[in-house]
Amino acid sequence: MPELPDVESFRRYMEASALKKTITDVKANSKSVLAGITLSALKKKLIGKKIKSVSGYGKFLFAQTNDNEYLAMHFGMTGFLNYYKNKEEAGKYIRFQIDFENGYHLGFDDRRKLGHIYFTENLKEFFKKKKLGVDPIRENIDYKRFKELVEGKKGTVKSVFMNQEIMAGIGNIYSDEILFQSKIHPEYPFEKLEEKDLKLLFKKMKNILQLAIDKDAEPDELPENFLLHYRKPGKDCPVCSGTIERVTIGGRSSYFCNKHQRLVK
DNA sequence: AATATTGTTCAGCA
DNA sequence: GTGCTGAACAATAT
């Protein structure tokens with residue numbers, strides 16, 4: 001589930017496994033996995049180098065080399081990392097792989113091939129090119145900053161939270177969760193929100209993302225009454241007597257409670 | 001067998 | 001310029 005909390009767990013995983021080891025080879029098994037760089041160019045950038053640090057921003061993960069350049073990863077819908085030694089431990093859908101001097105490999109596993117690998121010399125430039133908005137967690141934004149970011153935004157509440165150009169990192173699952181816990185319908189017009197709604201949304205956004213990060217983005221570790229355990233039409237709402245319904249926004253399924261998330265106030 | 005899926009991007013349209 | 005919709009990308013899982 002590669003939204004912000006998931007990417008943060010990948011960051012820790014990579015930090016714990018792939019740091020400070022000399023890279024001996026780089027492989028790409030899928031035509032579409034590399035974006036904006038060829039395999040031969042990437043090899044020149046990585047072989048013989050080490051990863052110095054790993055950082056996250058929005059749904060991107062960045063591995064900084066000792067040349068102060070960055071391998072950037074976006075995990076699409078089904079991507080994750082797998083550090084392993086023996087072939088038997090390799091994931092089923094490894095699209096990209098880094099080999100280390102110690103005989104271990106870091107695999108980029110991505111069943112649906114919607115993830116991409118980039119390389120950049122400059123993070124700021126990369127953010128700009130990707131039109132990446134502010135990461136609410138990594139920048140630890142306060143309410144004032146949040147208000148500035150969403151000032152004047154139109155469209156549905158859900159689409160504003162999903163829009164990576166406004167704030168980076170929140171996807172379908174966590175935007176639904178934030179709205180569910182804030183008791184706001186996903187199709188409610190953003191511009192009609194009152195100050196108290198905005199305050200609640202901000203608070204829930206911070207709380208939910210931080211809790212998910214603390215729990216390593218493991219759904220089983222998150223509270224039983226979170227919507228993410230009930231993403232199916234007809235399920236009983238875990239916090240009231242309502243029923244979970246589904247509506248399509250921006251081509252994605254939004255789940256919400258038909259009783260405590262009202263479209264008309 | 002039909003339908004749904006954690007993401008991004010782009011064309012077309014109002 | 002804004003926002004919405006659908007399609008494309010791709011491969012399962014239920």
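Each chain gets a letter, A, B and so on, in the order the sequences are listed, and its residues count up from 1.
Annotation: A:Tyr104 is in aromatic contact with A:Tyr83 [ring centroid separation under 6.0 Å]. In this structure, A:Phe180 has its ring center closer than 6.0 angstrom to the ring center of A:His260.
The hydrophobic cluster analysis finds A:Tyr93 isolated: no Ile, Leu, Val, Met, Phe, Trp or Tyr side chain comes under 4.5 Å of it, directly or through other members.
No chain of hydrophobic side-chain contacts below 4.5 Å, direct or via other Ile, Leu, Val, Met, Phe, Trp or Tyr residues, connects A:Leu222 to A:Leu227.
B:dT8 atom P lies 14 Å from atom CZ of A:Phe127, rounded to whole Å. In this structure, A:Phe190 atom CZ and C:dG3 atom P are separated by 11 Å, rounded to whole Å. Following rounding to the nearest Å, A:Asp176 (CG) and B:dA4 (C1') show an atom-to-atom distance of 14 Å. Atom-to-atom, CG of A:Asn163 to C1' of C:dG3 comes out at 10 Å; the value is rounded to the nearest Å. For the pair A:Leu132 CG and B:dT9 C1', the interatomic distance rounds to 14 Å; values are reported in whole Å. Distance A:Met77 CE to B:dA4 P: 13 Å, rounded to the nearest Å. Per the geometry, CG belonging to A:Asn172 stands 11 Å off P belonging to B:dT8, to the nearest Å. Protein atom CD1 of A:Ile173 is 15 Å distant from nucleotide atom P of B:dA4, rounded to whole Å.
Near-neighbour residues of DNA chain C inside residues 147-158 of chain A, defined by a heavy atom below 4.0 Å, number-ordered: A:Lys154, A:Gly155, A:Thr156. Of the residues in residues 242-253 of chain A, A:Arg246, A:Arg252, A:Ser253 come within less than 4.0 Å of DNA chain B through at least one heavy atom, sorted by number.
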Let me check I have this right: for DNA chain B, each base becomes ., (, ), [, ] or |, based on Watson-Crick or G-U pairs with both distances under 3.5 Å. What is the full string?
.||||.||||||||
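The side-chain hydrogen bond (donor to acceptor under 3.5 Å, both in side chains) analysis of residues 242-253 of chain A, with sequence neighbours excluded, yields the pairs A:Glu245-A:Asn258. Pairs passing the side-chain hydrogen bond (donor to acceptor under 3.5 Å, both in side chains) check and including a residue from residues 14-24 of chain A, sequence neighbours excluded, read A:Arg11-A:Glu15. For residues 37-50 of chain A, the salt bridge (charged side-chain N to carboxylate O under 4.0 Å, His left out) pairs, not counting sequence neighbours, are A:Asp25-A:Lys43, A:Lys45-A:Glu69, A:Lys45-A:Glu121, A:Lys49-A:Asp67.
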Look for any protein N or O under 3.5 Å of an N or O in nucleotides 10-14 of chain B and output each such pair with its distance, or none.
none

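Judged by distance alone, with hydrogens and angles left aside, the side-chain atoms of A:Asp135 form a donor-acceptor pair with the main-chain N or O of A:Gly58 at under 3.5 Å.
Residues that satisfy the side chain to side chain donor-acceptor pair (under 3.5 Å) test with A:Glu88, not counting sequence neighbours, are absent from this structure. With sequence neighbours excluded, no residue forms a ring-ring contact (aromatic ring centres under 6.0 Å, His included) with A:Phe161. Contacts of A:His105 classified as side chain to side chain donor-acceptor pair (under 3.5 Å), with partners at least two apart in sequence or in another chain: A:Gln97, A:Asp99.
By the 30° and 60° cut-offs, the orientation of the rings of A:His185 relative to A:Phe256 is tilted. By the 30° and 60° cut-offs, the orientation of the rings of A:Phe60 relative to A:Phe126 is perpendicular.
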Can you list the steps and then say if A:Glu125 with A:Lys129 is a salt bridge (Lys or Arg N to Asp or Glu O under 4.0 Å)?
CA-CA 6 Å; A:Glu125 230 167 69; A:Lys129 201 155 96 187; over 6 Å; no
In 5'-to-3' order, the base (B), backbone-only (S) or no-contact (-) status of each nucleotide in nucleotides 8-14 of chain C, using a 4.0 angstrom heavy-atom cut-off, is -BBBS--
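Backbone-only engagement by A:His74 is indicated by non-hydrogen atom pairs under 4.0 Å involving sugar-phosphate atoms exclusively.
In this model, no donor atom of one side chain and acceptor atom of the other lie less than 3.5 Å apart for A:Asn102 and A:Lys85.
Among the nucleotides B:dG7, B:dA4, B:dT9, the one closest to any side-chain atom of A:Lys59 is B:dG7.
Distance check: A:Arg145 CZ to A:Met167 CE gives 11.0 Å after rounding to the nearest 0.5 Å.
Scanning all heavy atoms of the two residues, the minimum distance from A:Phe96 to A:Leu71 falls at CE2-CD2, 4.3 Å.
Taking atom P in both C:dG1 and B:dT8, one finds a spacing of 22 Å when rounded to whole Å. For the P atom pair drawn from B:dA1 and C:dA10, the interatomic distance equals 23 Å after rounding to whole Å.
Contact check, A:Tyr118 against B:dT8: no side-chain N or O comes under 4.0 Å of OP1 or OP2.
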